[in-house]
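Notes to accompany the following structure.
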2 protein chains.
Amino acid sequence: MTASTSSLGYAVLGLLARSAATGYDLTRRMHRPVGWFWTAAHSQVYPELARLESGGLVEHDVVEGAGPRPTKRYRLTRAGRVRLRDWVAEPAERAPDRDPLMLKVYSLWLLDRPQAVALVEATRTDHAARLEVYAAQEREMQARPEALADPGTREFAAWATLRAGISFEQHRLDWCDWLLARLRD
Amino acid sequence: MTASTSSLGYAVLGLLARSAATGYDLTRRMHRPVGWFWTAAHSQVYPELARLESGGLVEHDVVEGAGPRPTKRYRLTRAGRVRLRDWVAEPAERAPDRDPLMLKVYSLWLLDRPQAVALVEATRTDHAARLEVYAAQEREMQARPEALADPGTREFAAWATLRAGISFEQHRLDWCDWLLARLRD
DNA sequence: ATCACCATGTAAGCTGTTACATGATTAA
DNA sequence: TTAATCATGTAACAGCTTACATGGTGAT
């Protein structure tokens, strides 16, 4: 009866809780800004919407749009909102630990020193660039500081994920610098 | 000819570069310590070893052991070592951004304040516990500081991944504290 | 005797990626 | 007219998880 919902399902519900959207809209938002912590291709989104609808968690009506098939605008049902809230309140599982960079660092002893330095420098550059993207996003958000003042709002929730991203990039930068200092003795 | 190797394949090669091992050994090491940044079940490891062997990257001989089937001890071939080193030297892709915690935080505005605080506190506790595990591991490593002094050794490489883990947990703890301070205005 | 550990494999199912398929509207 | 954007779907494949399947040795 209460069909189980995957993380992808909750990602979709989380977006629809903020505003009604087409599958196409959801796919775009799964690229940015939600893509920073959860991504999905449109080929995943459409079947997932059908599953959620058959479970009574979302519903749609048809609006006129630009595609060859009817354009469907989805919104959360009351049951969907309850299901999402219950899931959010449960303790979060850890993200699966699968980091290709760490796999490389574990075998860093196979490289000669200049190669090792180059690998870490490239990583550093990548994190610095991402940090700049996040920081720009945060400046944009802080243009309306009153929306971020209340931690009960959706704007604050989005800001909290951004802050986590900024903190992560900063930690990786610091780690790169720690490693580079040792590699360049 | 040069069959492409997956991340899992490189994880196995990276372990075998350090020492010869059975599939069972590799599976254990994929749980701990390598499991902190790459995990694999034995049902993945055995077929992967067969693939790597058919590609000439690893080879095995049969030793006496305790199982119902012959016990196979695998080691890296010269080609396997070259393949691994080439892969390590290439720039690393980013870990796929799929973090269920951030998915929940994005919808944190659906919870009442005590529920939100409880979620972040549970997360904080989890990261504090993991940090303690890593710190204990590091103390163990630092018992022989001469092994960590040279950044060209496998011991140093393992330490570098540990440092990244410690840094990550610390960043998450700080972020939890930042968020808790705001939720408990 | 029972349990933990050693040891290797296969099969089914779920999740995610890439490719296939179609077609209208709007701006350069 | 050509490309980008809007818009929705299916199919094939790759990777990972969980369950099935077998059986020996050593410690409690």
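Note: hydrogens, waters and symmetry copies are ignored here, and every other heavy atom, side chains too, is used. Residue numbers begin at 1 in each chain, while the letters A, B, ... track the order of the sequences.
Using a 3.5 Å distance cut-off with no hydrogens or angles, the side chains of H171(A) and Q170(B) do not pair a donor with an acceptor. Side chain to side chain, D126(A) and T123(A) fail the donor-acceptor criterion of an N or O pair below 3.5 Å.
Position along DNA chain D of the nearest nucleotide to A41(B) versus R51(B) favours R51(B) as the more 5'-ward residue. Comparing Q44(B) and P96(B) along DNA chain C, the residue whose closest nucleotide (by nearest heavy atom) sits nearer the 5' end is Q44(B). Ranked by how close their nearest DNA chain C nucleotide is to the 5' end, W38(A) and R28(B) are led by R28(B).
Atom OH of Y24(A) is separated from atom C1' of dT25(C) by 12 Å (rounded to the nearest Å).
Within the nucleic acid shown, S43(B) comes within 4.0 Å of at least one base atom, counting heavy atoms only.
The shortest distance between the side-chain N/O atoms of Y46(A) and the OP1/OP2 oxygens of dT8(D) is below 4.0 Å. Considering only side-chain N and O atoms, S6(A) lies nowhere under 4.0 angstrom from the phosphate OP1 or OP2 of dC14(C). Between R98(B) and dT17(C) there is a side-chain polar atom (N or O) within less than 4.0 angstrom of OP1 or OP2.
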For a side chain to side chain contact (heavy atoms under 4.5 Å, CB included) check, start with the C-alpha distance between L13(B) and L76(B), then their side-chain angles and the critical distance, and finish with the verdict.
CA-CA 7 Å; L13(B) 294 180; L76(B) 214 57; 3.4 Å; yes

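Tested against Y134(A), the residues R130(A), E132(A), E138(A) include a single side chain to side chain donor-acceptor pair (under 3.5 Å) partner, R130(A).
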